[in-house]
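Here the structure comes first, spelled out in structure tokens, and everything after it is commentary.
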Amino acid sequence: MSSWHRVDAVVVGAGFAGLYATHLLSAHGLSVQGVEAGQGVGGTWYWNRYPGARCDVESLDYSYSFDDELQQEWDWSERYAAQPEIERYLNHVADRFDLRRHYRFATRVVAARFDEDRSRWQVALDDGGEVQARFVVMATGALSEPKVPTIAGLDEFAGRVVHTARWPDDLEVRDRRVAVIGTGSTGIQLVPALAEVAAHLLVLQRDPNYTIPAGNRPLSPDEVADVKRRYPQLRAQARHAANGNMPLRSYGGRSIFDVSDEERERVWVAALQEGGAPAFTRSFDEVMVPGPGNDLATQRLLQLIDETVDDPAVADALKPRGYSFGCKRVCIDTGYHATFNRPNVTLVDLRATPIERFDATGVHVGGRHHELDVVALATGFDAMTGALGRIEVTGRDGLTLREALGDGLRGYLGLAIPGFPNLFTVTGPGSPSVLANVVTGIEQHVEWVAACIGHLDDHGWSTIEADPEAEAAWLDHVAHLAEGTVFTAPGCTSWYLGSNIAGKRRQFVAYVGGLGTYGDELQRRTEDGYRGFVLQ
Ligand code: FAD
Ligand code: NAP
């Protein structure tokens with residue numbers, strides 16, 4: 001590629017979203033320049049190479065549905081595939097649809113400026129290259145910008161410090177003394193995997209999380225064949241489901257208050273044995289609704305910790321306090337709590353004894369010095385806006401995206417931001433995004449973007465842009481839906497609410513009404529002449 005270059009669309013990112021956008025837009029006859037900071041495809045599944053990384057939506061579901069031959073030819077080995085398998089899958093997709101030729105890898109988009117006279121975006125790359133495009137698709141990921149906390153003395157530590165979302169292939173953890181900071185979904189996957197190989201594992205835990213056994217296992221050829229046979233119908237159902245998942249199993253559908261204590265316990269033992277989040281969250285109607293049903297579910301998961309952890313003091317330290325089940329993103333695990341019965345694992349409850357400081361050889365905490373070789377930061381992400389905010393995006397009238405975002409979230413339907421014509425965000429703020437099977441949400445958005453571009457071309461429009469009033473009304477609606485839910489309950493802090501990033505306004509990131517309902521809203525507004533958008 002020359003340093004200056006003109007295409008119909010720039011797609012930023014080569015994860016599930018970017019790959020599909022590149023495929024679909026080029027299949028519609030557009031010239032596409034893909035740009036990806038990583039050396040290869042995969043996005044989340046390229047970067048998060050930490051031991052234990054795997055999906056928590058079932059593999060047969062957490063995959064593209066747009067091509068039946070693709071879903072028939074690919075065989076998932078486990079109920080929840082591990083990172084290498086998902087990365088292989090996305091490489092297979094890239095090869096199968098010949099997508100790499102569109103991409104510039106190991107390259108970062110640093111700026112994008114809208115040229116109002118020509119209605120074109122000038123996209124600047126960190127290697128000095130520039131691309132002009134009519135459309136920009138920000139497939140930059142909701143969880144792609146790692147959050148590295150400032151911790152006293154950590155920069156003096158002479159061993160290796162790694163963030164889980166930048167886990168290096170050459171990092172040796174076998175027989176090493178390792179500390180993990182962070183016990184969200186990532187830490188909960190990482191801790192059992194590291195404990196198997198490390199000489200000693202120190203888990204530095206601030207807020208513990210509620211977690212449900214994953215029930216991961218190899219997939220049998222029969223169940224794979226069964227799902228493949230029913231794929232067309234199951235995938236269509238996923239598009240209309242609240243959580244964007246295929247109905248692989250049926251759950252609950254009854255009130256927790258209509259059953260006896262014994263029956264509730266029987267259902268929950270079976271759910272925890274089967275594993276996976278939906279078996280528990282959907283066991284009864286009230287599990288994810290603030291109130292007595294959610295309280296009972298919370299108590300059951302606390303009881304599970306007591307049942308699993310040998311030392312009562314350690315069990316107590318592993319128990320969340322001050323917030324109920326469902327507030328933070330539900331975690332699923334493989335042997336997480338049992339890991340704390342191992343002799344080579346030490347838990348430090350940072351709520352009781354915060355980190356004093358790191359030094360060259362380890363960490364001072366709880367009145368002790370722990371010698372360490374590796375510190376693993378499972379400290380999460382600047383979610384939803386982190387990756388977008390790193391790009392200098394300038395729209396109409398010199399408005400920058402950073403100014404537009406301010407301390408909060410912006411976006412109409414999670415797809416477009418007023419003042420930034422022809423720039424689309426995939427699974428952006430205010431769409432179901434991270435609350436549903438993200439791959440289903442990605443397909444829904446990418447297909448909408450491709451159809452929208454087709455509509456503009458068919459009708460001779462040059463730009464589409466979100467209307468500020470429609471955006472404000474949509475964001476109010478999104479906030480209203482989140483009120484009174486487990487996600488915004490008093491005492492709840494989470495990345496869903498932006499609480500993990502200093503200066504972010506407390507605002508729930510996603511549309512709680514369900515992916516299917518959102519899809520209906522999107523369709524109605526589209527059929528209504530792209531209501532809420534301005535076409536010029
Ligand atoms: P990403 O996969 O994040 O890809 C975005 C890409 O954009 C990245 O590769 C990044 O390098 C690139 N990029 C960003 N900014 C720039 C720039 N300026 N220039 C160039 N390139 C840029 N979701 C589920 O539904 N189910 C799961 O089981 C699940 N498991 C997860 C496990 C982990 C460890 C994590 C972190 C997330 C998980 N998620 C899960 C959410 C997951 O992020 C989405 O499912 C999905 O992979 C997102 O795809 P994407 O293409 O939108 O974004
Ligand atoms: P996270 O949920 O934000 O968890 C970050 C953890 O780091 C929290 O325990 C947090 O504690 C802790 N932390 C942050 N800063 C700290 C500090 N300065 N000192 C001590 N502790 C600190 O991030 P994540 O675990 O990476 O997960 C992010 C999201 O990615 C998930 O919710 C999920 O959507 C996705 N994900 C999915 C899977 C999967 O199972 N498929 C796996 C990984 C990630 P506090 O809570 O006290 O702030």
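Just follow the structure's listing: the first ligand is 1, and inside any ligand the first atom is 1. Nothing fancy with the numbering, it's 1 onward along the sequence.
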Heavy atom of [X] under 4.0 Å from ligand 2?
X	answer
Arg54	yes
Tyr323	no
Leu143	yes

Under a 4.0 angstrom heavy-atom cut-off, which atoms of ligand 1 come close to [X]?
X	result
Tyr50	34 (C)
Thr107	20 (C)
Ala17	50 (P), 51 (O), 52 (O)
Asn437	25 (O)

Provide, to 0.1 Å, the distance between [atom] and the closest protein heavy atom, together with that atom's residue and name.
atom	answer
atom 36 (N) of ligand 2	Ser185 CB, 3.8 Å
atom 17 (C) of ligand 2	Arg206 NH1, 3.5 Å
atom 26 (O) of ligand 2	Thr186 OG1, 2.7 Å
atom 20 (C) of ligand 2	Ile181 CG2, 3.5 Å

Under 4.0 Å, heavy atoms only, figure out whether ligand 1 is touched by the backbone of [X], its side chain, both or neither.
X	answer
Phe105	neither
Ala165	neither
Thr140	both

Could you check if a side-chain atom of Gln71 sits within less than 4.5 angstrom of a side-chain atom of Tyr64, using non-hydrogen atoms only?
no
If we only count heavy atoms from C-beta on, is the Phe135 to Ile453 side-chain gap below 4.5 Å?
yes
So is there a nitrogen or oxygen of [X] less than 3.5 Å from a nitrogen or oxygen in ligand 2?
X	answer
Trp495	yes
Gln189	yes
Asn209	no
Asn500	no

Which word best sums up how the rings of His23 and Phe97 line up, parallel for under 30°, tilted for 30 to 60°, or perpendicular for over 60°?
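Judged by the thresholds at 30° and 60°, the geometry between His23 and Phe97 is tilted.
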Aromatic ring pairing Tyr20/Phe66, orientation class (parallel under 30°, perpendicular over 60°, tilted between):
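It falls in the parallel class, under 30°.
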For [atom], tell me which residue out of [options] has the closest non-hydrogen atom.
atom	options	answer
atom 45 (O) of ligand 1	Trp45, Phe381, Tyr62	Tyr62
atom 19 (N) of ligand 1	Thr440, Val109, Leu90	Val109
atom 41 (C) of ligand 1	Ile332, Asn243, Leu143	Leu143

Under 3.5 Å, is there a donor on one side chain and an acceptor on the other for Thr211 and Asp333?
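Yes, because at least one side-chain N or O of Thr211 sits under 3.5 Å from a partner of the opposite role on Asp333.
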With a 3.5 Å cut-off and no angle check, do the side chains of Gln132 and His5 form a donor-acceptor pair?
no
Salt-bridge test for Glu130 and Arg113: reply yes if a basic N is under 4.0 Å from a carboxylate O, no otherwise.
no
Run the salt-bridge test on Arg351 and Asp207 with the 4.0 Å N-O cut-off and return the result as yes or no.
no
Please answer whether the main-chain N or O of Arg217 pairs with a side-chain N or O of Arg79 as donor and acceptor at a distance below 3.5 Å.
no
Can you tell me if Tyr323 uses its side chain to pair, donor with acceptor, with the backbone of Ala489 under 3.5 Å?
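Not at all, since once roles are kept as given, no pair shorter than 3.5 Å links the two residues.
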Could you state the interatomic distance from CG (Leu204) to OG1 (Thr346), rounded to the nearest 0.5 Å?
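Reported value, rounded in 0.5 Å steps: 10.0 Å.
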Have a look at ligand 2 and work out which part of Tyr62, if any, has a heavy atom under 4.0 Å from it: side chain, backbone, both or neither.
neither
Could you establish whether Ala139 and ligand 1 come within less than 4.0 Å of each other, counting only heavy atoms on the residue side?
yes
